[in-house]
Amino acid sequence: MLDKGQIHGWEGEPEEQAKPAAAVASRPGLTGAIMDSREALPTGERVTLSLEQTAARRRRGQWIALALFAFVILVFVLTMTKMGANILVRDL
Amino acid sequence: MSEATIVSTTTAIASASAMDYVRLMKPRVMSLVVFTAMAGLVAAPVDMHPFTAAVAIFALALGSGAAGALNMWYDSDIDGIMARTVSRPVPAGLIAPTDALSFGLIMSVLSVTLMALAATPLAAALLAFSIFFYAVVYTMWLKRSTAQNIVIGGAAGAFPPVIGWAAATGNVQTDAWILFGLIFLWTPPHFWALSLWTSKEYARAGVPMLPVTKGATETRRQILIYTLVVTPFGLLPVATGLGGIIYLVVAALGGAAFLCAAIRVFMSRAGETDAPLDIRHAKAMFGISILYLFALFAALLVEHALPLHFALGAGL
């Protein structure tokens with residue numbers, strides 16, 4: 001969500017004490033290559049969203065869920081509208 | 001590196017609301033797209049199921065929004081320079097550029113898919129092409145490279161009635177291309193009127209709009225030439241039978257008003273730094289141009305949606 005250049009140092013006490021990230025043991029093989037690339041670097045840094053940001057993210061998530069649900073319903077009704085009549089003319 | 005927690009001070013980016021994403025889709029442009037597409041769909045000689053027609057129009061609105069989001073992503077650097085666009089979601093820091101890009105791409109795919117499901121493959125292909133034309137040909141290529149950006153790029157905004165027509169009929173006939181031509185020819189005088197009072201901002205942003213590269217006098221001359229072409233062109237649907245009596249009256253009166261406004265701009269010194277009061281003529285013409293196009297397509301909608309279409313010309 002945030003670009004690297006848009007993250008600034010926060011002046012003051014952190015809201016929640018950050019725990020040092022545990023060292024990630026590398027995994028062997030292809031699975032390891034994929035999984036390890038998804039792990040955050042163990043620098044101890046993390047982004048903490050404020051309450052307002054967390055609420056905004058939750059609202060965005062709800063909108064996305066609603067939009068996906070509406071899309072599924074739309075495609076279903078569309079299919080029934082365009083092809084539903086074929087049920088009546090099929091061979092029994 | 002210390003074990004400090006990093007908290008974003010740019011709270012706005014992580015606080016982007018659904019409304020910010022709606023603004024990313026250029027809702028005012030979208031409303032014009034929906035309106036002209038509806039006119040094309042309703043004026044087409046084939047009736048469409050109301051539900052599939054509504055979904056096709058919805059898909060077109062999404063496609064327009066997708067193109068708008070891609071435009072805002074690419075233009076965020078120059079949008080941040082111009083006062084008219086500085087409050088847009090990306091330059092204002094409300095939405096991250098990469099999020100705008102992802103949103104635009106996803107919406108593009110969704111809109112074209114939905115159009116293909118609801119209407120015809122041709123309508124979906126035309127929608128995909130118009131998104132590409134606006135986002136790539138106009139935004140990425142023409143806008144920053146030539147003073148003819150609006151002339152050629154105007155094609156992107158001219159596609160909606162053609163798409164609406166193709167959604168209903170599955171093909172594109174002469175009448176649909178006339179509607180295309182109408183918006184295509186209307187776009188340059190409309191935007192050049194606007195650019196007469198925003199040319200300083202365009203110059204600062206490095207966008208070669210006509211007043212920036214050729215000056216205000218040449219812009220006023222081009223506005224008049226294009227208006228002299230588009231106003232008689234607006235009467236063409238009457239000759240083909242697409243427009244009836246109501247359309248004829250609207251096109252004649254609207255065209256006369258549009259032409260008068262263009263002549264007033266031509267006779268004035270609008271856009272010159274030593275004639276700041278004359279810019280009111282350009283602003284008046286900008287408003288009249290919007291009303292003119294709206295009235296033409298409203299007349300088509302009324303004639304074809306209601307049983308009020310009394311054709312005067314022969315159908316092509």
Side-chain angles (χ1 to χ4, degrees), chain A residues 1-23 40-86, chain B residues 1-22 24-25 48-59 61-62 65 73 76 89-103 106-107 109-111 113-120 167:
Chain A
M1 179 63 77
L2 294 171
D3 284 350
K4 192 175 178 183
Q6 292 160 335
I7 300 172
H8 303 286
W10 183 63
E11 294 173 3
E13 288 299 316
E15 290 174 352
E16 190 180 335
Q17 192 60 45
K19 295 175 182 174
L41 292 174
T43 60
E45 291 179 333
R46 56 195 290 267
V47 174
T48 303
L49 298 179
S50 66
L51 286 175
E52 182 199 352
Q53 289 173 324
T54 307
R57 186 169 67 174
R58 190 167 52 245
R59 279 197 301 273
R60 285 199 301 273
Q62 287 166 349
W63 276 110
I64 291 169
L66 195 65
L68 284 173
F69 182 71
F71 184 74
V72 170
I73 297 296
L74 197 61
V75 171
F76 174 74
V77 176
L78 200 56
T79 308
M80 294 307 290
T81 306
K82 292 195 79 170
M83 299 179 177
N86 291 342
Chain B
M1 191 68 73
S2 70
E3 294 179 356
T5 300
I6 299 174
V7 177
S8 169
T9 53
T10 52
T11 52
I13 284 183
S15 305
S17 68
M19 275 314 293
D20 293 326
Y21 281 90
V22 171
L24 191 70
M25 297 171 81
M48 215 175 161
H49 189 286
F51 182 73
T52 50
V55 177
I57 294 293
F58 177 65
L62 286 186
W73 159 69
S76 59
V90 180
L94 296 169
I95 294 174
T98 48
D99 288 350
L101 172 64
S102 309
F103 184 74
I106 291 168
M107 295 301 275
V109 173
L110 276 181
S111 64
T113 305
L114 208 52
M115 182 64 90
L117 289 172
T120 62

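Chain letters run A, B, ... following the sequence lines, proteins first, then strands; residues in each count from 1. The figures that follow rest on heavy atoms only: side chains count, while hydrogens, waters and symmetry mates do not.
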For a quick test of your reading: what N or O donor-acceptor pairs under 3.5 Å do the side chains of residues 49-56 of chain B make, sequence neighbours left out?
| unit_1 | atom_1 | unit_2 | atom_2 | d |
| --- | --- | --- | --- | --- |
| B:His49 | ND1 | B:Phe51 | N | 3.0 |
| B:Thr52 | OG1 | B:His49 | O | 2.9 |

**Request:** Please report the closest heavy-atom contact between B:Ala16 and A:Ala56, naming both atoms and the distance.
**Result:** O-CB, 4.3 Å
**Request:** Output the residues of residues 66-75 of chain A for which the shortest heavy-atom distance to chain B is under 4.5 Å, in residue-number order; output 'none' if no such residue exists.
**Result:** A:Phe71, A:Leu74, A:Val75
**Request:** Please round to the nearest 0.5 Å and tell me the distance separating atom CZ of A:Arg60 and atom CG of B:Asp20.
**Result:** 9.0 Å
